[in-house]
Amino acid sequence: MAFNQLAKDRPRLLIVGGGYVGFTLAQQLQTRIKESGGVVTVVDPNPYMTYLPFLPEVAAGNIEARSAIVPHRQHLKDCELIGGRVESIDHANRTVSIRGIDQGPDFDLPYDEIVIAGGSVTRTFPIEGLAENAIGLKTIEEAVSLRNWVLERIEIASLTDDEAEKRKALTFIVVGGGFAGIEAIGELEDMARTAVERNDRLKVSDLRFVLVEAMGRIMPEVTEERAEKVVADLRSRGIEVLLNTSLDSAKDQLVKLINMKDKSPAGEMYTDTLVWTAGVQASPFVKNSDLPVDERGRVRAGADLRVTGDDGPIKGAWAAGDIAAVPDLTGAGPGGFCVPNAQHAVRQAKTMAKNIMATREGKPLEDYYHENLGAVAGLGLYKGAATIRGVDFGGLPAWAAHRLYHGYAIPTIERKVRVFSEWGINMLFGRDTTGMRHVRDPRRSFKIAAGDEVDKAKARL
Ligand SMILES: Cc1cc2nc3c(=O)[nH]c(=O)nc-3n(C[C@H](O)[C@H](O)[C@H](O)COP(=O)(O)OP(=O)(O)OC[C@H]3O[C@@H](n4cnc5c(N)ncnc54)[C@H](O)[C@@H]3O)c2cc1C
């Protein structure tokens, strides 16, 4: 079934995913391709690109959720935008199957060239209770929900006389010592500390933050020396950092840990809050395609970012970002491939834009080559860690570098202004530690008012 209102008579460059790669590429090509008589079509279930490095700051309330996303309709005006999810790709027949969001239609869409830019999803393991009880930090909704949840736990804890309940509410566990996990625990602890300081029924020492990491070190993106300093800093803030430790089970709010070296039990604790940030894997839809996929589920790409099978590049198919196995020509990447990060995603998109135009103009293609610049992390207000071109530093300078870099790197001037303004407002008036209630069930009060008996019975406003 073809969907009637979409462009039919123009050659279509179809971009699957409007995140880092898709948004940057569409920005670069939309006008040129439109002027040449073609159309750039972006399919994404979200009408925005999420600036993922800001999720920990959204979870801590330093940045408003809407400022950490970049709307497609506002900034990709020359593109054809489709709110849907690509379910499968039939490249031999140049067609994708799309599932429209919510109750939207399912339809097939023809294309001339395709760009696979669907990013990654949280990687999980079959751990008892994990799917039911944990939350990830990979979407803007998760970040918003986490903030409200943590602040609500603090309110709940401040009203109970039951010590076990209080301890459970105030125990926050983050699994995964990569960038996302470390930034998440650093920012959340900072926010929770301020919230507790404003609540005279609680003490900061009531809070318990636990970081669980399966490897013997955290943050592979920074030097080992800096990573050890970060661990020391976190511990000096009272955060428990458990290395060589993993999650054994998370059933009925009881989290059991296991020592990764000898598989012995490594403690257990009750908690309402389990945040899982232990890595990502390529978005799985690409397995429903006739494009070559490696053993880790990534689309195989050449250094020029064309999808590449055993017999060489596949005509009309491109891939980049977290979903693609792109050779790292610097030789630094694990297994010879680029690591999944934004630094690569944005630069790959720019190289791809040049190469897409070059194929049309019959010019030679460029190989993607990028030497890692380093990494910057924010760990709460005025706290950070950074390794930039081999020089590592922490504290206030690293925090400032993190803010300057990401404030500058978020696409579009309009979003940069929003982010810097919000940081400024927070510095002027202090951090906002008010949680919003029932964000996950906004119809709750209406249902109760309208006499929904089930909700009335459960109601604890
Ligand atoms: C919390 C966090 C912090 C991070 N911090 C940093 C950092 O400080 N520095 C850094 O370099 N990197 C960081 N990263 C990693 C970086 O954000 C990613 O590597 C980058 O976003 C990858 O870009 P991408 O375009 O491949 O994927 P994404 O930006 O994730 O975009 C993928 C898009 O595809 C869409 N999509 C998925 N499936 C489908 C489908 N079936 N059909 C259509 N569309 C689909 C998604 O909705 C999404 O919009 C962080 C990641 C996280 C989660």
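In what follows, residues are counted from 1 in the order of the sequence shown. Numbering of ligands and ligand atoms starts at 1, following listing order.
The shortest separation from a heavy atom of His406 to ligand 1 is under 4.0 Å, placing the residue in contact.
At least one N or O atom of Ala342, backbone or side chain, sits closer than 3.5 Å to an N or O atom of ligand 1. Between Asp322 and ligand 1, a contact under 3.5 Å exists for at least one N or O pair. Remark: ligand 1 and Val86 share an N or O pair separated by less than 3.5 Å (distance only, no angle test). For a threshold of 3.5 Å applied to N or O pairs, the pair formed by Gln343 and ligand 1 contains at least one separation below that value.
Every atom of ligand 1 with a heavy atom of Gly321 under 4.0 Å away is listed here by number and element: 26 (O). Taking every heavy atom of Ala180 and a limit of under 4.0 angstrom, the matching atoms of ligand 1 come to 1 (C), 2 (C). Each of the following atoms of ligand 1 lies closer than 4.0 Å to a heavy atom of Asn46: 47 (O). Listed by number with element, the atoms of ligand 1 under 4.0 angstrom from any heavy atom of Ala345 are 22 (C), 23 (O). In the vicinity of Val16, heavy-atom distances shorter than 4.0 Å reach the ligand 1 atoms 42 (N), 43 (C). In summary, the atoms of ligand 1 found under 4.0 Å from a heavy atom of Pro340, numbered by their order in the structure, are 19 (O). Residue-ligand proximity, Leu137 to ligand 1, at heavy-atom distances under 4.0 Å covers atoms 1 (C), 53 (C). Every atom of ligand 1 is numbered from 1 in the order shown, and the set under 4.0 Å from a heavy atom of Arg85 is 38 (N), 40 (C), 41 (N), 42 (N).
Within the structure, side chain to side chain donor-acceptor pair (under 3.5 Å) pairs that include any residue of residues 12-23 comprise Arg12-Thr41, Arg12-Glu80 (at least two apart or interchain). Sequence neighbours left out, the pairs with a member in residues 296-308 that pass side chain to side chain donor-acceptor pair (under 3.5 Å) are Asp294-Arg298, Arg300-Asp310, Asp304-Arg306.
In terms of protein heavy-atom proximity, atom 3 (C) of ligand 1 is nearest to Leu52 O, 3.5 Å. Of the protein's non-hydrogen atoms, the one nearest atom 25 (O) of ligand 1 is Val21 N, 2.8 Å. Among protein heavy atoms, atom 29 (O) of ligand 1 sits closest to Tyr20 N, 3.1 Å. Here the heavy atom of the protein found nearest to atom 36 (N) of ligand 1 is Gly118 O, 3.8 Å. The single protein non-hydrogen atom nearest to atom 31 (O) of ligand 1 is Gly19 CA, 3.2 Å, given as residue, atom name and distance. Shortest contact from atom 4 (C) of ligand 1 to any protein heavy atom: Pro53 CA, 3.8 Å. In this structure, atom 39 (C) of ligand 1 lies nearest to the protein heavy atom Phe285 CE2, 3.9 Å. Nearest protein heavy-atom neighbour of atom 45 (C) of ligand 1: Pro45 CD, 3.8 Å.
Note on ring orientation: taking the six-membered ring where Trp is involved, the planes of Tyr111 and His91 are parallel (angle under 30°, cut-offs 30° and 60°). In this pair, His370 and Tyr368 present their aromatic rings tilted. The plane angle is within the 30 to 60° band.
Within the 3.5 Å criterion, the main-chain N or O of Pro53 finds no donor-acceptor partner in the side chain of His406. The closest donor-acceptor contact from the side chain of Arg123 to the backbone of Ala278 lies under 3.5 Å. Judged by distance alone, the side chain of Thr271 and the main-chain N or O of Thr171 form a donor-acceptor pair under 3.5 Å.
Heavy atoms of Ala117 found under 4.0 angstrom from ligand 1 belong exclusively to the backbone. The parts of Asn341 lying near ligand 1 are both backbone and side chain, judged by heavy-atom distances below 4.0 Å.
Closest non-hydrogen pair, Pro71 versus Phe23, comes out as O-CE1, 4.4 Å. Taking each heavy atom of Asp190 and Arg237 in turn, the nearest pair found is N-NH2, 3.9 Å.
Separation of atoms CG (Asp90) and CG (Asp108) is listed at 9.0 Å; rounding is to 0.5 Å. Distance CG/Leu55 to CD1/Ile63: 9.5 Å, rounded to 0.5 Å.
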Q.
The test is salt bridge (charged side-chain N to carboxylate O under 4.0 Å, His left out); show your working for Arg360 and Glu113 and say whether it passes.
A. CA-CA 11 Å; Arg360 290 165 184 229; Glu113 278 184 275; 2.7 Å; yes
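Distances from atom 49 (O) of ligand 1 to the heavy atoms of Val376, Asn372, Val339, Asp44 show the closest one on Asp44.
Under the 4.5 Å side-chain criterion, counting only non-hydrogen atoms from C-beta, Val419 is not in contact with Tyr51.
For atom 27 (O) of ligand 1, the nearest protein heavy atom lies closer than 4.0 Å.
Summarising the local packing, CZ of Phe125 is surrounded by more than 12 heavy atoms from other residues, nucleotides or ligands at distances under 6.0 Å.
In this structure, a donor-acceptor pair under 3.5 Å is absent between the side chains of Glu422 and Asn62.
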